[in-house]
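So the structure is just underneath, and the comments pick up after that.
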Amino acid sequence: MTKKTVTLIDDSTGREIKLDVLEPTAGPPTIDVRPLYKALGYFTYDPGYVSTASCASTITYMDGEQGVLQYRGYPIEQLAEHSSYLETCYLLYYGRLPTAAELDTFIDTINQHTMVHEALKRFYSGFRRDAHPMAIMMGVVGALSAFYHEHMNIHDPHDREIVAHQLIAKMPTIAAWSYRYAKGLPFMYPRAKLSYAEDFLHMMFANPTAPYTPDPKFAKALDLILILHADHEQNASTSTVRLSGSSEANPFAAVAAGIATLWGPAHGGANEAVIRMLQEINESGKPIEHYVERAKDKNDRFRLMGFGHRVYKTYDPRARIIRKICHDILDSETDGEHQKLLDTAMKLEEIALNDPYFQQRNLYPNVDFYSGVIFVAMGIPLNMFTVLFAMARTIGWISQWNEMMSDEKSRIGRPRQLYVGEATRDYVPISQR
Ligand code: ACO
């Protein structure tokens, strides 16, 4: 097969350069612009990375036009139906599905790492009781770097694997404790005989004075939600983890930076914002159309939270799966409040999808639109929603970091810029200004 190239001609000088086209396994071919600056003296300009591949990766593939999401080639729908979160973690990190024996060993290994250093517990008491749990997560995960630094060699695959195991295992403990601290409740230690999702529910809701059995329906739904959020190629938080990791920073610190990025309402913070929006709609007594009109008004900063996506220009495949779980869970729910949230979400979706503004801009519900409704039904407080997202996404962050660190060609991430500031000028002494 002949190698494809594109030719870029500088109209002002007539100079030209042939650029190689890199062929992907799937997705758009990618122009290799690396020689461009040396050959023609130009940078490329792409704020927000709309047309830029920041790296080559073998982990996750998504097609925003067709609504496709695959981890290591496996469609998300098949993983959602047949896999478990820990099996998906194995798949994402190691690149293949484990055998039964490998999965057992992996689960055992994770179970051995679920506890955190006792000294780390004291970090929590330094936070205000009303601190946002994402702020606590960021601080505590960042603090792990103080416990695991000196003896870790990030260039050694075995050491990197231990970091991955530690992060997957400790994240639910750290997450649940951020909630327990805010509530003034005693920290519950992890229990190895429970599944990953069950153990998280246990650390969130159990009480040392009474036995607690996690609701199997909620544990199953949570496990599924964790699978759906496990990775999403080069999104803002993953790119942050890669960029900070590219300076050979401590991986726990790099993941803390990812948590910071995920927190924003334009990214992982949207699931919390969706419920606030649905509650506001329900409490306001105003028709849903009023909010849809506000979302369309360019003079109003209000947007339909949980709608729109940088890559998906069709229904987010994860939203489709979560929408179904919502029904499965709430059908057996007696609490009218949860049902009312779901009803409002569905009506809002219907109105928006039939509105030309949303149709013309290809704005569809994203993963966050329905996940919050399930979390509310589980009794998860609003400010913990993004924490659950961070817990799920940790495997994606650390797999992407490991992929970058394993690549001998990896270099520190160092974007350039289009400078549009003042040209050179002379300093004016303060007395003359
Ligand atoms: N409500 C109303 N209008 C919207 C919305 C929305 N939720 N999303 C996009 N638009 C409009 C924009 O105003 C813009 O209109 P214009 O062309 O007339 O100027 C057009 O649709 C394109 O939107 P952009 O902002 O350019 O899209 P971008 O790719 O930069 O942003 C984003 C994507 C941040 C997700 C955006 O759709 C948004 O803010 N959505 C709401 C927040 C949300 O749900 N975030 C979660 C994303 S999924 C995740 O991170 C897990």
Side-chain angles (χ1 to χ4, degrees), residues 46-52 54 60 62-65 67 69 71 76 134 224-241 258-278 280-281 288-323 344-345 348-375 382 385-397 400:
D46 186 18
Y49 304 104
V50 177
S51 302
T52 297
S54 62
T60 291
M62 56 191 290
D63 178 336
E65 307 297 326
L69 174 61
Y71 297 160
I76 193 67
M134 278 300 272
L224 193 50
I225 290 175
L226 296 178
I227 294 175
L228 299 179
H229 286 79
D231 195 41
H232 215 222
E233 56 120 294
Q234 308 311 320
N235 56 81
S237 55
T238 302
S239 297
T240 303
V241 173
I259 295 174
T261 309
L262 187 76
W263 191 4
H267 193 7
N271 52 16
E272 184 180 336
V274 169
I275 295 300
R276 291 193 199 283
M277 175 184 75
L278 295 176
E280 187 190 320
I281 295 175
I288 293 174
E289 286 80 356
H290 166 79
Y291 290 90
V292 174
E293 287 310 312
R294 279 190 62 192
K296 289 155 52 177
D297 181 355
K298 295 290 169 206
N299 298 316
D300 190 329
R301 288 186 63 79
F302 177 81
R303 281 188 160 193
L304 278 197
M305 298 316 286
F307 255 78
H309 196 273
R310 169 58 61 78
V311 182
Y312 292 123
K313 298 306 165 200
T314 183
Y315 215 102
D316 181 336
R318 303 166 300 172
R320 206 182 291 285
I321 299 167
I322 291 193
R323 191 180 197 269
T344 305
L348 183 57
E349 178 190 337
E350 194 190 331
I351 295 169
L353 292 185
N354 284 307
D355 188 305
Y357 173 96
F358 292 88
Q359 289 170 343
Q360 283 155 13
R361 290 168 180 75
N362 295 317
L363 299 171
Y364 291 86
N366 60 47
V367 67
D368 290 323
F369 193 66
Y370 285 107
S371 59
V373 177
I374 300 180
F375 290 153
L382 233 59
F385 290 7
T386 316
V387 167
L388 266 76
F389 193 159
M391 197 171 107
R393 184 54 58 83
T394 296
I395 182 58
W397 291 331
Q400 301 267 354

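As the structure lists them, so they are numbered: ligands from 1, and atoms in each ligand from 1. Numbering of residues begins at 1 and proceeds along the displayed sequence.
Protein heavy atom nearest atom 2 (C) of ligand 1, with residue, atom name and distance: Ala295 O, 3.6 Å. What sits closest to atom 21 (O) of ligand 1 on the protein, heavy atoms only, is Arg361 CD, 3.4 Å. Residue, atom and distance of the protein heavy atom nearest to atom 50 (O) of ligand 1 are His267 ND1, 3.0 Å. Looking only at heavy atoms of the protein, atom 43 (C) of ligand 1 is closest to Ala270 CB, 3.6 Å. If you check which protein heavy atom lies closest to atom 33 (C) of ligand 1, you get Arg310 N, 3.8 Å. Nearest non-hydrogen protein atom to atom 45 (N) of ligand 1 is Ala266 O, 3.3 Å. The single protein non-hydrogen atom nearest to atom 35 (C) of ligand 1 is Gly308 O, 3.6 Å, given as residue, atom name and distance. Looking only at protein heavy atoms, the nearest one to atom 41 (C) of ligand 1 is Phe307 O, 3.4 Å.
Residue Arg303 holds the heavy atom nearest to atom 38 (C) of ligand 1 of all those in His309, Met305, Arg303. The heavy atom nearest to atom 9 (C) of ligand 1, out of those in Val274, Leu363, Asn362, Leu304, is found in Leu363.
The residue Asp316 has no part lying near ligand 1, judged by heavy-atom distances below 4.0 Å. Of all the heavy atoms of Phe389, the ones lying under 4.0 Å from any atom of ligand 1 belong exclusively to the side chain. Only side-chain heavy atoms of Lys298 come within less than 4.0 Å of ligand 1; its backbone N, CA, C and O stay farther off. Contacts of Asn235 with ligand 1, taken as heavy-atom pairs under 4.0 Å, are absent altogether.
Side chain of Arg393 to backbone of His229: a donor-acceptor contact under 3.5 angstrom is found. One N or O on the side chain of Thr240 and one on the backbone of Ala236 form a donor-acceptor pair closer than 3.5 Å. Between the side chain of His309 and the backbone N or O of Asp316, no donor-acceptor pair lies under 3.5 Å. In terms of modelled atom types and a separation under 3.5 Å, the side chain of Asp46 and the main chain of Thr52 share a donor-acceptor contact. With Glu65 contributing its side chain and Tyr312 its backbone, the two residues share no donor-acceptor pair below 3.5 Å. Using a distance-only test at 3.5 Å, with no hydrogens or angles considered, a donor-acceptor pair links the side chain of Lys313 to the main chain of Arg310.
Taking Tyr291 as the reference, Phe302 meet the ring pair (Phe, Tyr, Trp, His ring centres under 6.0 Å) condition, with sequence neighbours excluded.
Here is the list of ligand 1 atoms found below 4.0 Å of a heavy atom in Val367: 51 (C). Listed by number with element, the atoms of ligand 1 under 4.0 angstrom from any heavy atom of Asp368 are 46 (C), 48 (S), 49 (C), 51 (C). Contact atoms of ligand 1 toward Gly306: 43 (C), 44 (O) (distance under 4.0 Å to a heavy atom of the residue).
Judged by the shortest distance from any of its heavy atoms, Tyr357 lies inside the 4.0 Å radius around the atoms of ligand 1.
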Chi angles and distances behind the side-chain hydrogen bond (donor to acceptor under 3.5 Å, both in side chains) call for Glu349, Tyr370: CA-CA 10 Å; Glu349 178 190 337; Tyr370 285 107; 2.3 Å; yes

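Of the options Tyr315, Tyr357, Tyr364, Phe358, a ring pair (Phe, Tyr, Trp, His ring centres under 6.0 Å) to Phe307 is made by Phe358 and by none of the others.
The distance between the ring centers of Phe389 and His232 does not fall below 6.0 angstrom.
For Glu350, the CD atom is loosely surrounded, since the number of other residues' heavy atoms within 6.0 Å does not exceed 12.
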